[in-house]
Q: 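Below: one structure in structure tokens.
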Amino acid sequence: MNTEQMTAKIADGQGFIAALDQSGGSTPKALRGYGVEDGEWSGDDEMFGAIHDMRSRVITTPCFGSGKVIGAILFERTMDSEVEGKSTADALKARGIVPFIKVDQGLADEADGAQMMKPLDKLPALLEKSVAHGMFGTKMRSVIKSANPAGIAAVVAQQFEVGNTIADAGLMPMLEPEFDITAADREAGEDILLAEIMKGLDALPEGRKVMLKLSIPVKPGLYTPAVEHPNVLRVVALSGGFSTDEACEKLATNPGMIASFSRGLLQDLRKGQSDDEFDGTLGKAIDQISAASIAG
């Protein structure tokens, strides 16, 4: 797929984007959930090797290439690795799946009820490498923990600032100002977040598009103005700690949003499953998440 074809797939594809971008801090937990205990690996190389084996199994399972997964978000080391003798990006594109790369370097300490991204000092080199690998877009995460206008404004401003840098490099930025679903004042905070996002979208250069990855809102349909904004290619939803059933039920009430789940996609996969069991389990999750994305 070339850039034009990938853009069309993400804009109009009937399905969802898989989040396969667990990084160093979240990898041990992801491996334990998969049935790989901490004692089965030693050091970062073995840990990342184990998680790449899991991701490779997911990518090469028949149901993953069914057409219901339209994109996949990768961690840098996954992008640098191979699947069936091809670069991971090429292996995905061969299955009709558009590749994205996680580019943030983690979260800064909380201030004003939010965690901005740490300084992205490695971003220029990572963008150059991502373009060389044939990636389509990027993803970067901040976290909002309360309805503090100053914190929300700072997070959104940083996301758009870095997003413009990414777009200038020729990649599609996916902005992810996640709102913590456990926040007591999330409903009020999401109204503030939407207003800041709309200001950022209106300020984009003419013709520039971004994507948004957002928590499923308390009020169904809240983000419809962003979905319909001419500078938005697609709005996707993170599962944010909801189970697959909860996330899909809530997503289906939000027109125009599609899923970009990690836990909600992978939670029932286990290393010890046979290939048929693995494909059946993953296929069931893919069918459920895709149906919720299309219904939304």
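Any value given below was found using the heavy atoms of this structure, including those in side chains, with hydrogens, waters and symmetry copies removed. Heads up: numbering here begins at 1 and tracks the sequence.
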Q: Salt bridge (Lys or Arg N to Asp or Glu O under 4.0 Å), that's the test. Do R186 and D180 meet it? Break it down for me.
A: CA-CA 8 Å; R186 180 159 72 100; D180 186 339; over 6 Å; no
Q: Looking at E277 and S274, would you say the former's side chain and the latter's main chain have a donor-acceptor pair under 3.5 Å?
A: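 Confirmed, E277 side chain pairs with S274 backbone.
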Q: Take a 6.0 Å sphere around CG of D109 and say whether it holds more than 12 heavy atoms from other residues, nucleotides or ligands.
A: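 For D109, atom CG is not crowded (no more than 12 foreign heavy atoms under 6.0 Å).
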Q: Flag the pair K284 and D268 as a salt bridge only when some basic side-chain nitrogen lies within less than 4.0 angstrom of an acidic carboxylate oxygen.
A: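 So K284 does not pair with D268 through a salt bridge.
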Q: Looking at every non-hydrogen atom in both residues, tell me the closest pair between S56 and V83 and how far apart they are.
A: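 That closest heavy-atom pairing would be OG-CG2, 3.7 Å.
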Q: Determine whether more than 12 heavy atoms belonging to other residues, nucleotides or ligands lie under 6.0 Å from atom CD of E249.
A: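 No, because the 6.0 Å sphere around CD of E249 holds 12 heavy atoms or fewer from other groups.
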Q: Whether the side chain of E82 engages the backbone of T88 through a donor-acceptor N/O pair (distance < 3.5 Å, no angle test) should be reported.
A: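 Here the side-chain-to-backbone pair does not exist.
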Q: Which atoms form the tightest heavy-atom contact between R141 and M117, and what is the distance?
A: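 That closest heavy-atom pairing would be O-CG, 3.3 Å.
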Q: Between K271 and E37, is there a side-chain N and carboxylate O pair less than 4.0 Å apart?
A: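 Salt bridge: no.
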Q: Does one side chain, of T7 or E4, offer a donor that lies under 3.5 Å from an acceptor on the other?
A: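 Distance-only check fails for T7 and E4.
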Q: Does atom NZ (K250) have a neighbourhood of more than 12 heavy atoms from anything else shown, all under 6.0 Å?
A: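 For K250, atom NZ is not crowded (no more than 12 foreign heavy atoms under 6.0 Å).
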Q: Any side-chain heavy atom of L251 sitting closer than 4.5 Å to one from F16?
A: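 Not touching, per the 4.5 Å side-chain cut-off.
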Q: So does M116 get a backbone contact from the side chain of S142, meaning a donor-acceptor N/O pair under 3.5 Å?
A: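 No, because the side chain of S142 does not come within donor-acceptor range (under 3.5 Å) of the backbone of M116.
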Q: With a 4.0 Å cut-off on N to O distance, would you call R234 and D12 a salt bridge?
A: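 Salt bridge: no.
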Q: Does R57 qualify as a cation-pi partner of F278, given the criterion of NZ or CZ under 6.0 Å from the six-membered ring centre and within 45 degrees of its axis?
A: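 Because its charged atom sits under 6.0 Å from the ring centre and within 45° of the axis, R57 does stack over F278.
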Q: Establish, from distance only, whether the side-chain atoms of S239 and R263 form a donor-acceptor pair under 3.5 Å.
A: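 Short answer, no.
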Q: Can you confirm whether more than 12 heavy atoms, excluding those of E128, are under 6.0 Å from its CD atom?
A: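 Incorrect, the count does not exceed 12.
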Q: Report the C-alpha separation of D104 and K102 in whole Å, then their side-chain angles, then the decisive distance to 0.1 Å, and conclude whether the salt bridge (Lys or Arg N to Asp or Glu O under 4.0 Å) test is met.
A: CA-CA 6 Å; D104 67 82; K102 165 186 157 65; 2.9 Å; yes
Q: Hey, which of E176, K139, K213 is the one that makes side chain to side chain donor-acceptor pair (under 3.5 Å) with S260?
A: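 Result for side chain to side chain donor-acceptor pair (under 3.5 Å) with S260: K213.
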Q: Could you check whether S87 and D90, counting side-chain N and O atoms only, form a donor-acceptor pair closer than 3.5 Å?
A: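 Judged by distance alone, the side chains do pair up.
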